[in-house]
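For reference, the structure discussed in these notes is given below.
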Amino acid sequence: MIKTIGVQTHNQQLVEITREAQNLLDSASSDSGLLTLFIRHTSASLIVQENADPSVQHDLLNWMNHLVPENQSLFTHTSEGPDDMPAHIKAMLTQSSIAVPFENRRLMLGTWQGLFLFEHRRGRHPRQIIAHF
Amino acid sequence: MIKTIGVQTHNQQLVEITREAQNLLDSASSDSGLLTLFIRHTSASLIVQENADPSVQHDLLNWMNHLVPENQSLFTHTSEGPDDMPAHIKAMLTQSSIAVPFENRRLMLGTWQGLFLFEHRRGRHPRQIIAHF
Amino acid sequence: MIKTIGVQTHNQQLVEITREAQNLLDSASSDSGLLTLFIRHTSASLIVQENADPSVQHDLLNWMNHLVPENQSLFTHTSEGPDDMPAHIKAMLTQSSIAVPFENRRLMLGTWQGLFLFEHRRGRHPRQIIAHF
């Protein structure tokens, strides 16, 4: 089964998609299996992170901006704006695809785990995640 | 088939789990397929790395501590100890899930490759990895 | 179905393997499913990145060299040359396995996405990627 999760982003942010991913399993053909998510972009990415305390997400985003500042002199790909090349780097350092087993139609996430789309660009972007299960 | 690999960690370390993963394939329903590992934590993660020379693992751990030092002024998530937020960052920069094909019930790892749980926190932590195959 | 993609690398570089991956699907047993790639090395890795403008690939490579310079004093694993330990670190920070859904025997990549082998070592290296689909 292949489905699409659409996410509209606004600025650099982590958008939790755990519920959307879990809800897809209502249409799974068997009770247990593997959910694989794939993001169709190279300036946004996927991560599994703590979803209990929002300060974790805040710090992850700020630390990534600290690691990959804009306007570095080594950048030659600058035509799409100062946030574009850092976005590609941040996407490279995180994940394009993530797989999570499920049982009894429930994702086997840990107690504090959530699935997140990590938007690395400013502005508004319509994002697509393909789910295979 | 879904199974769990449990690992008890002691301090920041790489724990090789290649044998545990390989042994699961004794109960695989077919001779070839895909083993997917998913870690149920956000302050420990999974990597595939060289398992021949332990100095590689030593340097990986030290370099990560060098890249993500504790007590950075940008951290606001500090309530769970100085090693917690760096652990989340290190988990983000490595992998939550890894997939390895197998044939003749043998993981198709390269000659020098091993599967590792990467513990990013100090102290003792019981960790769970879900295996789907 | 399990197949191997062989790549001969020459120096640190990104080698696009999208076409090789797509071509494998001609022999897929069903029209839709999941292609998983796994690289059998720990000093080369896999990423999904923009394949429209080569300057992105150029900047990704240079930025990784900037993040992980050779000859750092904390390295103890130096016997395989100055580019070896940085290569392991760069592999750790990117991916060993990537999964991409396909439909109508077409990889569901985004418009600007390509699949790349990221060679982190200098010199010539024969690399193997295992494909499961």
Side-chain angles (χ1 to χ4, degrees), chain A residues 1-6 24 29 33-47 64 66-82 84-101 120-121 125-133, chain C residues 14 16 18 21 30-38 45-69 89-116 118 120 132-133:
Chain A
M1 188 81 76
I2 292 174
K3 301 263 188 185
T4 300
I5 298 173
L24 293 176
S29 60
L34 187 72
L35 173 74
T36 302
L37 301 178
F38 172 79
I39 189 161
R40 301 184 77 204
H41 309 277
T42 60
S43 49
S45 56
L46 300 173
I47 60 171
M64 281 298 252
H66 165 75
L67 181 70
V68 194
E70 298 185 357
N71 301 310
Q72 294 181 59
S73 58
L74 64 79
F75 293 157
T76 64
H77 178 78
T78 55
S79 57
E80 295 177 54
D84 186 63
M85 195 59 223
H88 291 306
I89 292 172
K90 293 167 186 172
M92 170 177 67
L93 296 176
T94 48
Q95 272 95 75
S96 298
S97 65
I98 287 177
V100 186
H120 302 299
R121 296 213 65 182
H125 297 273
R127 302 302 195 180
Q128 286 189 317
I129 298 162
I130 309 293
H132 174 276
F133 53 98
Chain C
L14 283 103
E16 187 164 6
T18 311
S30 69
D31 284 351
S32 70
L34 187 71
L35 173 75
T36 302
L37 301 178
F38 172 79
S45 56
L46 300 173
I47 61 172
V48 180
Q49 269 295 337
E50 180 179 315
N51 64 356
D53 183 346
S55 67
V56 172
Q57 300 160 43
H58 172 269
D59 288 1
L60 291 174
L61 195 149
N62 282 352
W63 189 86
M64 282 297 252
N65 282 336
H66 165 75
L67 181 70
V68 194
I89 292 171
K90 293 168 187 172
M92 170 178 67
L93 296 176
T94 49
Q95 272 95 75
S96 297
S97 65
I98 286 176
V100 187
F102 61 92
E103 214 164 40
N104 302 320
R105 292 176 196 269
R106 298 294 303 173
L107 290 170
M108 299 180 78
L109 293 164
T111 311
W112 314 106
Q113 282 184 313
L115 299 166
F116 292 90
F118 200 160
H120 303 298
H132 175 275
F133 54 98

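For clarity, every value in this text was computed on a predicted model and none was experimentally measured. When reading the values below, keep in mind they use all heavy atoms of this one structure, side chains included, and skip hydrogens, waters and symmetry mates. Residue numbers start from 1 in every chain, and the chains themselves are labelled A, B, ... in the order their sequence lines are given, proteins ahead of strands.
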Any donor-acceptor pair under 3.5 Å from C/D59 side chain to A/T76 backbone: yes

So, taking the atom named CD in C/E50 and the one named CG in A/D84, what distance separates them when rounded to the nearest 0.5 Å? 6.5 Å

With rounding to the nearest 0.5 angstrom, report the CG to CG distance, A/L74 to C/L61. 11.0 Å

Structural part of C/L60 lying under 4.5 Å from a heavy atom of chain A: both

With rounding to the nearest 0.5 angstrom, report the CD to CG distance, A/Q72 to C/N62. 11.0 Å

Kindly compute the distance separating CE (A/M92) from CD (C/Q57), expressed to the nearest 0.5 Å. 11.5 Å

Counting heavy-atom pairs under 4.5 angstrom with chain A, the leader among C/T94, C/V56, C/L109, C/L93 is C/V56

Side chain, backbone, both or neither: which part of C/F116 has a non-hydrogen atom closer than 4.5 Å to chain A? neither

Can any side-chain N or O of C/Q113 pair as donor or acceptor with the backbone N or O of A/I39 at less than 3.5 Å? yes

Pair C/W63-A/M85, side chain to side chain contact (heavy atoms under 4.5 Å, CB included): steps then yes or no: CA-CA 10 Å; C/W63 189 86; A/M85 195 59 223; over 6 Å; no

For C/Q49 versus A/A91, what's the shortest heavy-atom pair and its separation? NE2-CB, 4.2 Å

Across all chains, not counting sequence neighbours, the ring pair (Phe, Tyr, Trp, His ring centres under 6.0 Å) partners of A/H41 are none

Under a 4.5 Å cut-off applied to non-hydrogen side-chain atoms, are C/M108 and A/F38 in contact? no

Let's test your reading of the structure: which of A/T36, A/L37, A/I98 forms the most heavy-atom pairs below 4.5 Å with chain C? A/T36

Please assess A/L67 against C/L67 for the test side chain to side chain contact (heavy atoms under 4.5 Å, CB included), listing each intermediate value before the final yes or no. CA-CA 9 Å; A/L67 181 70; C/L67 181 70; 3.7 Å; yes

Can you sort out the partners of C/Q95 under side chain to side chain donor-acceptor pair (under 3.5 Å), two or more places apart, ordered by chain and number? none

Out of A/A131, A/S97, A/S79, return the one with the most heavy atom pairs under 4.5 angstrom to chain C. A/S97

